[in-house]
Amino acid sequence: MPSTIFALVDCNNFYASCEKLFRPDLANTPVVVLSNNDGCIVARSKEAKQLGIKMGVPLFKVQKEMRQHGIVAFSSNYALYADISQRVMSTLESLTPAVEVYSIDEAFVDLTGIEPLQNLNDFGLMLRDKVQNWVGITVCVGIAPSKTLAKLANYAAKKWQKTAGVVDLTDPIRQRKLLALVPVNEVWGIGRKLSKRLELLGITTALQLADADAKYIRQHFSVVVERTVRELNGESCIELEQVIPTKQQIISSRSFGQRITCKEQMQQAISEYVSLACKKLRQQKQEAKYLTVFIRTSAFNQQHDLFSNSKSIALDTPSSDTRVFLAKAKQLLDMLWVNNFSYAKAGVMLTDFYNPGQHQLNLFTAPADKQQANHKLMQLIDNLNAKQDKTIWFASQGVKQAWSMKREHLSPAYTTNWRDLPIVK
DNA sequence: TCTGGGGTCCTAGGACCC
DNA sequence: TCTGGGGTCCTAGGACCC
């Protein structure tokens with residue numbers, strides 16, 4: 001049986017590319033996409049990268065360059081990106097035996113068994129070509145016998161022009177050549193802290209990590225890093241996961257457009273996040289038992305101390321009913337709230353998930369018919385809001401929402417809202 | 001003035017039990 | 001009351017990812 005061959009397909013500058021897709025006038029213009037609240041730069045077009053705009057910098061720090069070079073900024077438009085992502089993924093699914101959607105802009109693809117029929121590099125070029133023509137998004141393809149090596153091959157395909165966007169790293173000699181060129185911190189799973197510690201041991205390149213003793217690494221680091229060492233040597237330790245595992249936790253949190261100083265506004269914000277989280281919970285058809293609420297001041301304000309507080313509560317029985325969690329969240333906020341702070345961020349977290357109906361009943365469990373009625377009500381609310389967001393909402397979410405996030409450069413929802421469809425003149 | 005949000009996995013340490 | 005090993009379960013925190 002032949003060993004597995006993985007490809008990592010990764011969209012180039014994904015958010016920025018999505019924004020350009022419906023704006024041919026911006027084809028050669030530097031474009032950046034901002035995080036929620038228009039705070040940081042989270043994506044840059046090729047032109048913006050060339051101008052030296054760094055990933056993750058706060059917008060206010062590069063205002064001068066933005067004006068000087070005529071860089072165009074967009075607020076994050078997740079509805080648009082999710083829809084384009086779906087098109088990329090279904091294109092890949094139509095062309096390959098198995099796809100694991102790894103993130104909004106990346107997928108691992110199973111290319112096992114392609115080789116005797118077709119050259120792998122040619123196959124990669126074909127994938128790239130089809131996605132480009134059918135969706136309009138440019139991707140790079142890295143091919144290798146383990147996911148970690150496929151990631152590295154993709155890094156090379158992105159970094160070096162002459163690869164034409166595809167790197168086949170199935171040959172062990174080629175693997176070692178590339179590994180020697182790549183700094184250890186570019187390896188998948190090796191972040192800032194780990195690379196610091198590895199450098200202390202004299203390990204600065206991916207090749208040195210690959211050549212390290214796996215047992216030693218396990219003892220001094222962890223099983224995760226040991227697995228990385230094995231993967232770098234072409235031993236596949238991380239399987240392709242085609243079925244998306246259901247989430248273990250749901251977090252809904254945001255920084256505020258304006259600081260919150262009064263409890264009523266915080267109450268609204270928390271209620272808003274609770275209803276978002278519960279909606280997600282129902283979408284994945286699960287119930288949760290554990291709710292956490294947290295509030296905090298700005299981590300960047302030098303004048304004031306950071307204040308951060310969180311509290312959790314367990315329900316008697318798991319639920320996905322927004323009203324149940326709203327009531328509990330209110331209790332938690334009463335315990336958490338301290339006057340005289342300017343709060344910058346808050347959030348809620350749902351954990352301890354159950355499949356509906358599969359849990360221990362107790363004395364206080366609502367009777368089945370009552371549960372059914374509650375479930376129907378939530379479904380009705382979700383259906384109404386699916387047609388038009390915020391058709392109905394809970395009074396505690398507030399009407400004015402003065403604290404809601406800034407999105408001053410939002411592009412239209414070209415592909416997901418009838419009113420925003422592009423018009424061909 | 002202005003610094004994202006949403007996840008996963010692993011490990012260490014405490015509580016508790018036998 | 002002291003002594004001790006071994007096991008499980010839970011939680012908090014750290015590190016990573018996109």
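Order of the sequence lines fixes the chain letters, A, B, ..., with proteins taken first and strands second; residue numbering starts at 1 for each chain.
In this structure, A:Lys215 does not pair ionically with A:Asp213, as no charged nitrogen and carboxylate oxygen lie closer than 4.0 Å. Residues A:Arg407 and A:Asp38 are not paired through a salt bridge, judged by the lack of any N-O separation under 4.0 Å between the basic side chain and the carboxylate. In this structure, A:Glu65 does not pair ionically with A:Lys54, as no charged nitrogen and carboxylate oxygen lie closer than 4.0 Å. Salt bridge status for A:Glu186 with A:Lys159: absent, with no side-chain N to carboxylate O gap under 4.0 Å. Salt bridge present: A:Asp334 and A:Lys263 bring a charged side-chain N and a carboxylate O closer than 4.0 Å. A:Glu106 has a carboxylate O that lies under 4.0 Å from a charged side-chain N of A:Lys151, or vice versa, which qualifies the two as a salt bridge.
Note on A:Leu34: nothing from the nucleic acid sits closer than 4.0 angstrom, heavy atoms only. Residue contacts shown for A:Lys280 are limited to sugar-phosphate atoms, with no base heavy atom under 4.0 Å away. Within the 4.0 angstrom heavy-atom criterion, no nucleotide atom of any strand lies near A:Val33. A:Ile250 comes within contact range of the sugar-phosphate backbone alone, with a heavy-atom separation under 4.0 Å but no base atom that close. Contact annotation for A:Ser252: backbone-only contact, meaning every heavy-atom pair under 4.0 Å involves sugar-phosphate atoms and none involves a base. No contact: A:Lys406 has no heavy atom under 4.0 Å from any strand.
DNA chain B lies under 4.0 Å from at least one heavy atom of each of the following residues of residues 199-228 of chain A: A:Ser222, A:Val223, A:Val224. Shown for residues 255-264 of chain A: residues whose heavy atoms fall under 4.0 angstrom of DNA chain B, namely A:Ser255, A:Arg259. Residues from residues 53-69 of chain A lying near DNA chain B, meaning a heavy-atom separation below 4.0 Å, are A:Pro58, A:Phe60 in numerical order.
For the pair A:Lys247 and A:Phe353, the cation does not sit on the ring face, since its NZ or CZ is not both under 6.0 Å from the ring centre and inside 45° of the axis.
Between A:Phe108 and A:Trp188, the ring centre distance stays below 6.0 Å.
Between the A:Asn233 side chain and the A:Val229 main chain, a donor and an acceptor come within less than 3.5 Å of each other.
Within the structure, the salt bridge (Lys or Arg N to Asp or Glu O under 4.0 Å) test picks out the following pairs touching residues 216-239 of chain A (sequence neighbours left out): A:Arg218-A:Glu226, A:Glu226-A:Arg230, A:Arg230-A:Glu235.
For the atom pair OG1 of A:Thr246 and NZ of A:Lys285, the computed distance is 12.5 Å after rounding to the nearest 0.5 Å.
By the 30° and 60° cut-offs, the orientation of the rings of A:Trp403 relative to A:Phe256 is perpendicular.
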Item to check | Watson-Crick or G-U pairs under 3.5 Å in DNA chain B, rendered as dot-bracket with [ ] for crossing pairs and | for another strand | outcome: ....||||||||||||||
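Residue A:Lys279 places its NZ atom among 12 or fewer non-hydrogen atoms of other residues, nucleotides or ligands, all under 6.0 Å distant. Atom NZ of A:Lys46 is surrounded by 12 or fewer heavy atoms from other residues, nucleotides or ligands within 6.0 Å.
First and last contacting nucleotides of DNA chain B toward chain A (any atom under 4.0 angstrom from a heavy atom, 5' to 3' order): B:dC2 to B:dT11.
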Checklist entry - After noting the C-alpha distance and the side-chain angles of A:Lys345 and A:Arg296, does the key distance pass the side-chain contact (heavy atoms from CB on, under 4.5 Å) rule? => result CA-CA 5 Å; A:Lys345 186 175 181 177; A:Arg296 62 188 303 184; 3.8 Å; yes
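Both A:Gln249 and A:Asp38 sit near DNA chain B, but only A:Asp38 has its closest nucleotide nearer the 5' end.
Applying side chain to side chain contact (heavy atoms under 4.5 Å, CB included) to A:Ile190 and the options A:Ile203, A:Thr148, A:Leu209 leaves one that passes, A:Leu209.
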